[in-house]
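The first residue in the sequence is number 1, and the count goes up from there. In each ligand, atom 1 is the first atom listed, and ligand 1 is the first ligand listed.
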Amino acid sequence: MTNKIGIVTGGGDCPGLNAVIRAIVKTATLNGWECFGIHGGFDGLLTPVQVMPLATKDMDGLLIRGGTILGTANSGKFSAKTGHGEPRQVDQNILNQAKINFEALGLAALVAIGGDGTLTIAQQMFEMGFAVVGVPKTIDNDLDATQTTFGFDTAVACAVDALDRLHSTAQSHNRVMVLEVMGRYAGWIAAYAGLAGGADVILIPEIKFNHDAIQRKIQAREAEGKHFTIVIMAEGVTLEGQGFVTSNKTGTDREARLGGIGHLVAEEIENRSKKETRCVVLGHLQRGGQPTQWDRQLCTRFGVHAFQLIAREQFGFMVALKENGTMGPVTLKDAINKIRRVDPAGDLVMTARALGISFGD
Ligand code: F6P
């Protein structure tokens with residue numbers, strides 16, 4: 001085995017990717033390994049390869065820098081998900097070309113940093129002989145195999161900041177303010193931010209909502225003399241009898257792009273309540289900026305443990321945060337295609353309900 005590690009970031013970017021890269025490079029270098037960054041997602045392994053050496057001196061400032069210095073992609077030749085999360089086999093010719101280039105570069109192992117789609121690609125590569133390990137990233141926090149993914153905490157912090165700001169303007173104008181947040185088919189960002197940001201209504205894909213219930217909450221607040229209401233909702237929420245709201249057609253090489261449901265819900269709230277209602281779609285602000293302290297330490301631990309998996313030649317695994325707070329490996333096979341969603345009967349929802357927060361049901 002050579003002592004060269006390739007690092008690739010895949011899927012949507014999020015705060016903390018650079019912190020993981022930094023942790024891998026620093027610990028690998030201390031142990032006598034060389035690191036190389038694959039540029040632009042897995043496509044960087046196709047001819048002509050786009051690879052850059054990564055030394056410890058290049059890591060300055062990366063702990064706090066948002067995005068990824070390597071670039072990333074969530075569509076194209078290496079897309080392993082399509083539609084609403086349906087798995088897709090990457091073309092064998094593409095995988096073969098990547099393998100030939102990987103070997104020509106003299107790389108001994110590859111660290112794939114990404115969410116379900118990226119880790120599914122990693123598993124397909126592992127099955128054809130790549131020495132690969134994974135690191136779980138996504139603001140959606142929807143991977144079942146780890147207690148949490150990195151990027152999620154930062155996204156929640158961004159959504160809470162938005163709710164704080166919306167509170168004062170909602171109160172000043174006696175309005176209903178609707179905040180649409182990301183999360184795909186899981187309501188983690190909406191639920192955590194809603195609780196931390198004092199939302200009155202939280203709408204998540206895991207709980208079917210109806211407009212009568214939202215109106216009841218608004219009326220109850222009016223009766224208490226509270227003439228404003230804050231609604232937070234996940235982009236993956238569906239209206240009764242309708243499908244997901246998407247902002248483009250689904251391609252064969254990418255997942256459907258969710259978004260836009262917030263405006264529809266806000267319109268209906270205004271029609272029914274006769275209260276002025278505004279909608280804010282938080283969008284990619286949730287994916288930008290510096291990672292929180294929680295994400296920084298999580299990324300650092302993930303990065304170090306990913307290197308240790310390589311040093312032990314434990315390939316085909318992903319590092320995961322276990323229930324007891326320790327780090328441990330899970331097989332990529334077990335980690336993929338298992339989406340973790342908010343438990344409607346779990347503590348998070350029960351706590352919110354105990355405060356009188358409505359889930360629109
Ligand atoms: O998976 C992360 C995520 O930010 C989702 O929450 C969101 O639905 C999607 O990616 C947005 O993707 P894009 O960057 O292609 O708009």
Side-chain angles (χ1 to χ4, degrees), residues 9-17 20 40-43 66-68 70-88 112-122 134-144 146 148-159 162 179-194 203-206 232-238 243-263 280-289 291 295 335-342:
T9 52
D13 72 337
C14 86
L17 284 162
V20 177
F42 292 97
D43 287 64
T68 162
L70 300 178
T72 187
N74 64 358
S75 61
K77 295 187 180 113
F78 276 92
S79 178
K81 296 275 162 162
T82 182
H84 294 292
E86 286 91 50
R88 166 185 182 264
I113 311 169
D116 191 44
T118 302
L119 298 169
T120 302
I121 300 167
V135 177
K137 166 241 72 164
T138 168
I139 64 163
D140 305 336
N141 197 34
D142 59 357
L143 290 180
D144 194 47
T146 179
T148 187
T149 55
F150 76 85
F152 170 63
D153 188 65
T154 309
V156 170
C158 175
L179 179 68
E180 179 189 306
V181 294
M182 286 183 166
R184 287 204 200 274
Y185 312 103
W188 294 108
I189 299 176
Y192 269 89
L203 304 180
I204 56 176
E206 294 85 348
I232 185 168
M233 57 185 299
E235 63 182 0
V237 156
T238 49
F244 296 107
V245 175
T246 57
S247 40
N248 74 341
K249 289 206 176 74
T250 304
T252 52
D253 68 343
R254 64 161 300 140
E255 281 189 78
R257 201 171 135 207
L258 296 172
I261 180 87
H263 286 287
V280 174
V281 179
L282 198 52
H284 294 79
L285 290 173
Q286 292 157 97
R287 298 227 309 248
D295 275 335
I336 59 175
N337 298 325
K338 278 188 203 135
I339 293 304
R340 193 164 67 100
R341 306 177 81 206
V342 177

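Ligand 1 places these atoms under 4.0 Å from at least one heavy atom of R254: 15 (O). Counting atoms of ligand 1 from 1 in the listed order, those under 4.0 Å from a heavy atom of I139 are 4 (O).
Contact analysis leaves E255 out of contact with ligand 1, as no non-hydrogen atom separation drops below 4.0 angstrom. Put simply, no part of Q286 is less than 4.0 Å from ligand 1, judged by heavy atoms.
The cationic group of R340 lies under 6.0 Å from the six-membered ring centre of W188 and within 45° of the ring axis, placing it in a cation-pi geometry.
Among protein heavy atoms, atom 12 (O) of ligand 1 sits closest to R287 NH1, 3.5 Å. Considering only non-hydrogen protein atoms, atom 13 (P) of ligand 1 sits nearest to H284 NE2, 3.5 Å. The protein heavy atom nearest to atom 9 (C) of ligand 1 is R184 NH2, 3.7 Å. Looking at atom 15 (O) of ligand 1, its nearest protein heavy atom turns out to be N74 ND2, 2.9 Å. Residue, atom and distance of the protein heavy atom nearest to atom 8 (O) of ligand 1 are E235 OE2, 2.6 Å.
A donor-acceptor pair under 3.5 Å is formed between the side chain of R341 and the backbone N or O of Y185. Under the 3.5 Å distance criterion, the side-chain polar atoms of E206 are matched with a main-chain donor or acceptor of V342. Under a 3.5 Å cut-off, the side chain of D295 and the backbone N or O of F150 do not form any donor-acceptor pair. Looking at T9, its side chain does come within 3.5 Å of a backbone N or O of G71 through a donor-acceptor pair. Using modelled atom types, one side-chain atom of N141 and one backbone atom of T149 make a donor-acceptor pair closer than 3.5 Å.
Ligand 1 has an N or O atom lying under 3.5 Å from an N or O atom of G183, backbone or side chain.
Under 3.5 Å, the side chains of T68 and D13 contain no donor-acceptor pair of N or O atoms.
When non-hydrogen atoms are compared, ligand 1 lies under 4.0 Å from the side chain of D140 (C-beta onward) but not from its backbone.
Nearest heavy atom pair, residue G67 against residue L17, reads O-CB, 3.5 Å.
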